[in-house]
Participant: 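Below are the C-alpha cells for one structure; questions will follow.
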Amino acid sequence: MTDARPLGADEATFIAAVRSGDTARFALITERHRRELQVHCYRMLANYEDAQDMTQETFLRAWNKRESFKGHAALRTWLYRIATNACLDFLEKRNNRTPVPSELPDPGSEVPYLQPYPDRMLPEDPQESVVARETIELAFIVAVQHLPPRQRAAFVLRDILGWPASAAADALQLTVASVTSALQRARVTMREQLPDRRLDWRSPATHELSNDERGVVKSYIDAHERNDLDGLLSLLRDDLRFAMLPEPGTLIMTAKDAVDGWVSHGLFQRGYDDWRCITTTVNRMPAAVLYLRTPGDPEYRLFNIAVLHIVDGKIAELTGFDATDKPWLGLPPTLSSDKSPIVDESSARAAVTEVTAE
C-alpha cells in the first residue's frame, strides 16, 4: 500500500493533470478508486449512505490538496489517507456514531445506524476481494464500531489494508508507538466481539456463497411467499440472534419464540400475508428482499431486507432492515403482481446480484 519508489504511471498522470488544471483527467484518475475507498469508509462508519458521502468528500479534499501530492507514495495510499481522516472528522462531529449499551438481555451494544452494503458496489479488484467477505460481514462491521475512532482507523489500516506501522502513523499523525498500542487494544476488543471468528484478516477467505447458503435463502423465500410458518421455523437455529433495525436491541431467542413474536406483531396475518421476494447478496451474505402487497394495492412494495448468517444449514443470525418507502441499494421499489413463473424482476436482476446465479 505504501512505498517509496520511482514515480508510477498513475502518479505521473495525476501530477500532470494537477499542473495543467485538467479537472476531467483528475476525475478520471481518482474515480477508479471510488469503490475501494467507499468500502474503506463503510468499514469506518457502518453506514452505506455516509460512506458514499465521505467518499465524495475524499475526492473534494483531494482536489483541494492536489498541489501537495508529490508522488512520494502511491496515489492510492494518498487517497486512503484522505478518506481515513475525512471519516475521523465525521465521527468527531457525530455523537450518534458511538454504540450505546443495550437495555435488553443481549450483552452487546447497539449500532442503530448500521446499513447493509450491496455486493454490486464492492471492488472488482481480486486482491481486495480476497478478504472482502470476512471484513465486510455485518458482525465484523458491528464489532469495528466498538473501537474508538483512532483505534478503529489504526486497526483497519494495519490489519485489514496491511499498511506498515510507519505509514499508518503518518496517516493518523501519531507516533509508531501510539499506533502499535492502539492496534493491540483494538485486537483485544475484536476478540471479545468476535469470539468464534478467526482474527487473521489478511489470510485468504472465500467470498463465494456455499450451496447450503443458497439453498437456505431459497427455502426462506419460499416459506415467506407461502406463509409457511412451520417451514420458516425449521430454517432457524434454536439460539437465533435477531435484530430489526432501526429498532433497538439484538435478541437471542428460540426459533419458536422468534416466529411467535413475528406473528404477534402482525406478520403473516391479514394485510401482511401477501409476499413476493427476490434474492440478493449484501456484505457478502445471502439476503432476501421482501415485498408486501396490501389489500387493494396492485403492486408489491419494498418492505424489508433480511440478511442471513447461515451456519450448518440453519439461520443463526437474522438482521432485518426496514426498507419501507426507501429507494435503497438500487433495489426496485415495486414488483409486479403477476404471479406467473415469469415474474417482473428484470430491473431487479440489473440492480442486484442474484444468489442463485451460477
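Fair warning: this is a prediction, and the values are worked out from it, not measured in the lab. The chain is numbered in sequence order, starting from 1.
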Participant: Can you find a pair of side-chain heavy atoms, one from Tyr291 and one from Leu331, that are under 4.5 Å apart?
Facilitator: yes

Participant: Give a yes or no on whether the backbone of Asp257 and the side-chain of Thr254 come within a donor-acceptor separation of less than 3.5 Å.
Facilitator: yes

Participant: Is there a donor-acceptor pair closer than 3.5 Å between any side-chain N or O of His40 and the backbone N or O of Glu36?
Facilitator: no

Participant: Salt bridge or not for Arg237 and Asp239, using N-O below 4.0 Å?
Facilitator: yes

Participant: Whether Asp170 and Arg81 form a salt bridge (side-chain N of Lys/Arg under 4.0 Å from carboxylate O of Asp/Glu) is what I want to check.
Facilitator: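 Yes, this pair counts.
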
Participant: Can you give me the closest heavy-atom contact between Tyr113 and Gln145, atom names plus distance?
Facilitator: OH-OE1, 3.3 Å

Participant: Please check if any side-chain donor atom of Arg34 sits under 3.5 Å from a side-chain acceptor atom of Thr55, or the reverse.
Facilitator: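 Result is no, nothing qualifies.
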
Participant: Quick check on the hydrophobic clustering: are Val259 and Ile221 connected, directly or via other members, by side-chain heavy-atom contacts under 4.5 Å?
Facilitator: no

Participant: So Met244 and Asn304, do their side chains get closer than 4.5 Å, heavy atoms only?
Facilitator: yes

Participant: Can a donor-acceptor pair be found, under 3.5 Å and without considering hydrogens, that links the side chain of Arg241 to the backbone of Ala316?
Facilitator: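 Not at all, since once roles are kept as given, no pair shorter than 3.5 Å links the two residues.
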
Participant: For residues Ala27 and Thr30, report the shortest heavy-atom separation together with the two atoms involved.
Facilitator: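 Residues Ala27 and Thr30, closest heavy atoms: O-OG1, 3.3 Å.
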
Participant: Taking it one step at a time, do His33 and Thr58 satisfy side-chain contact (heavy atoms from CB on, under 4.5 Å)?
Facilitator: CA-CA 11 Å; His33 299 284; Thr58 296; over 6 Å; no

Participant: Mark yes or no for whether Glu11, through its side chain, and Ala74, through its backbone, hold a donor-acceptor pair below 3.5 Å.
Facilitator: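 No; judged by distance alone, with no hydrogens or angles, the pair does not exist.
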
Participant: Got Phe14 and Leu79 here, is their nearest side-chain heavy-atom distance under 4.5 Å?
Facilitator: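 Not in contact.
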
Participant: Is there a donor-acceptor pair closer than 3.5 Å between any side-chain N or O of Glu213 and the backbone N or O of Ile310?
Facilitator: no

Participant: Report the C-alpha separation of Leu122 and Asp119 in whole Å, then their side-chain angles, then the decisive distance to 0.1 Å, and conclude whether the side-chain contact (heavy atoms from CB on, under 4.5 Å) test is met.
Facilitator: CA-CA 5 Å; Leu122 290 171; Asp119 279 15; 3.7 Å; yes

Participant: Is a side-chain N or O of Arg284 found less than 3.5 angstrom from the main chain of Ile136, in a donor-acceptor match?
Facilitator: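 Looks like no, no N/O pair under 3.5 Å.
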
Participant: Could you pull out the closest heavy-atom pair between Val217 and Arg214, with the gap in Å?
Facilitator: CG1-O, 3.3 Å

Participant: Counting neighbours of CG on Asp312 that are heavy atoms of other residues, nucleotides or ligands and sit closer than 6.0 Å, is the number greater than 12?
Facilitator: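 Not buried by this count: 12 neighbours or fewer within 6.0 Å.
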
Participant: Please test Leu172 against Leu157 for side-chain contact (heavy atoms from CB on, under 4.5 Å), starting from the C-alpha separation and ending with a verdict.
Facilitator: CA-CA 10 Å; Leu172 299 175; Leu157 293 176; 4.2 Å; yes

Participant: As a quick check of understanding, evaluate side-chain contact (heavy atoms from CB on, under 4.5 Å) for Leu329 and Ile305, giving each step before the final call.
Facilitator: CA-CA 10 Å; Leu329 308 182; Ile305 301 169; 3.7 Å; yes

Participant: Answer yes or no: is there a donor N or O on one side and an acceptor on the other, between the side chain of Arg66 and the main chain of Trp63, under 3.5 Å?
Facilitator: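 Checked: pair present.
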
Participant: Sort out for me which residue in Cys41, Pro118, Pro116 forms a side chain to side chain contact (heavy atoms under 4.5 Å, CB included) with Tyr48.
Facilitator: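 Result for side chain to side chain contact (heavy atoms under 4.5 Å, CB included) with Tyr48: Pro118.
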
Participant: Who pairs with Ala186 by side-chain contact (heavy atoms from CB on, under 4.5 Å), at least two apart in sequence or on another chain?
Facilitator: Leu147, Gln151, Phe155

Participant: side-chain hydrogen bond (donor to acceptor under 3.5 Å, both in side chains): which pairs involve residues 175-184, sequence neighbours left out?
Facilitator: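 Only Thr175-Ser178, Ser181-Arg185 qualify under side-chain hydrogen bond (donor to acceptor under 3.5 Å, both in side chains).
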
Participant: So if I apply the ring-ring contact (aromatic ring centres under 6.0 Å, His included) rule between His224 and each of Trp275, Phe303, Trp262, which one comes out positive?
Facilitator: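 Of the listed residues Trp275, Phe303, Trp262, the ring-ring contact (aromatic ring centres under 6.0 Å, His included) partner of His224 is Trp275.
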
Participant: Tell me whether the rings of Phe69 and Trp78 are parallel (<30°), tilted (30 to 60°) or perpendicular (>60°).
Facilitator: tilted

Participant: Under a 4.0 Å N-O cut-off, is there an ion pair linking Asp222 with Lys218?
Facilitator: yes

Participant: Are Met44 and Met54 packed together at the side-chain level, in the sense that at least one heavy-atom pair is separated by less than 4.5 angstrom?
Facilitator: no

Participant: A side-chain contact here means heavy atoms from C-beta on lying under 4.5 Å apart; do Pro149 and Glu92 qualify?
Facilitator: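 Contact flag for Pro149/Glu92 side chains = no.
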
Participant: Within the 4.5 Å heavy-atom criterion, are Asp322 and Pro246 side-chain neighbours or not?
Facilitator: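 Side-chain contact under 4.5 Å: yes.
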
Participant: When the ring planes of Tyr80 and Trp163 are compared, do they come out parallel, tilted or perpendicular, using 30° and 60° as the limits?
Facilitator: perpendicular

Participant: Is there a donor-acceptor pair closer than 3.5 Å between any side-chain N or O of Glu225 and the backbone N or O of Cys277?
Facilitator: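 Answer holds: yes.
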
Participant: Do Arg276 side-chain atoms and Ser336 backbone N/O form a donor-acceptor pair below 3.5 Å?
Facilitator: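 The answer is yes, because a donor-acceptor pair under 3.5 Å joins these two groups.
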
Participant: Of all the heavy-atom pairs spanning Val179 and Ala169, show the shortest one and how long it is.
Facilitator: CG2-CA, 3.5 Å

Participant: If only atom types and distance count, is the side chain of Arg61 paired as donor or acceptor with the main-chain N or O of Ala83 below 3.5 Å?
Facilitator: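 Here the side-chain-to-backbone pair does not exist.
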
Participant: With a 4.5 Å cut-off on side-chain heavy atoms, are Tyr220 and Leu232 touching?
Facilitator: yes

Participant: Mind checking whether Leu267 and Val263 sit in one hydrophobic cluster, side chains of I, L, V, M, F, W, Y counted as touching below 4.5 Å?
Facilitator: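 Yes; Val263 is reachable from Leu267 via cluster members.
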
Participant: Looking only at non-hydrogen atoms, find the nearest pair between Ala86 and Glu57 and report the distance.
Facilitator: CB-CG, 4.1 Å

Participant: Which pairs pass side-chain hydrogen bond (donor to acceptor under 3.5 Å, both in side chains) with one or both residues in residues 15-27, sequence neighbours excluded?
Facilitator: none

Participant: Can you find a side-chain donor-acceptor pair between Asp212 and Ser210 that sits under 3.5 Å?
Facilitator: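 Checked: Asp212/Ser210 side chains show no N/O donor-acceptor pair below 3.5 Å.
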
Participant: Any side-chain heavy atom of Met190 sitting closer than 4.5 Å to one from Asp159?
Facilitator: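 No, every pair of side-chain atoms sits at 4.5 Å or beyond.
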
Participant: Taking the basic N atoms (NZ, or NE/NH1/NH2) and the acidic carboxylate oxygens, is any pair closer than 4.0 Å for Asp260 and Lys256?
Facilitator: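 Lys256 and Asp260: salt-bridged.
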
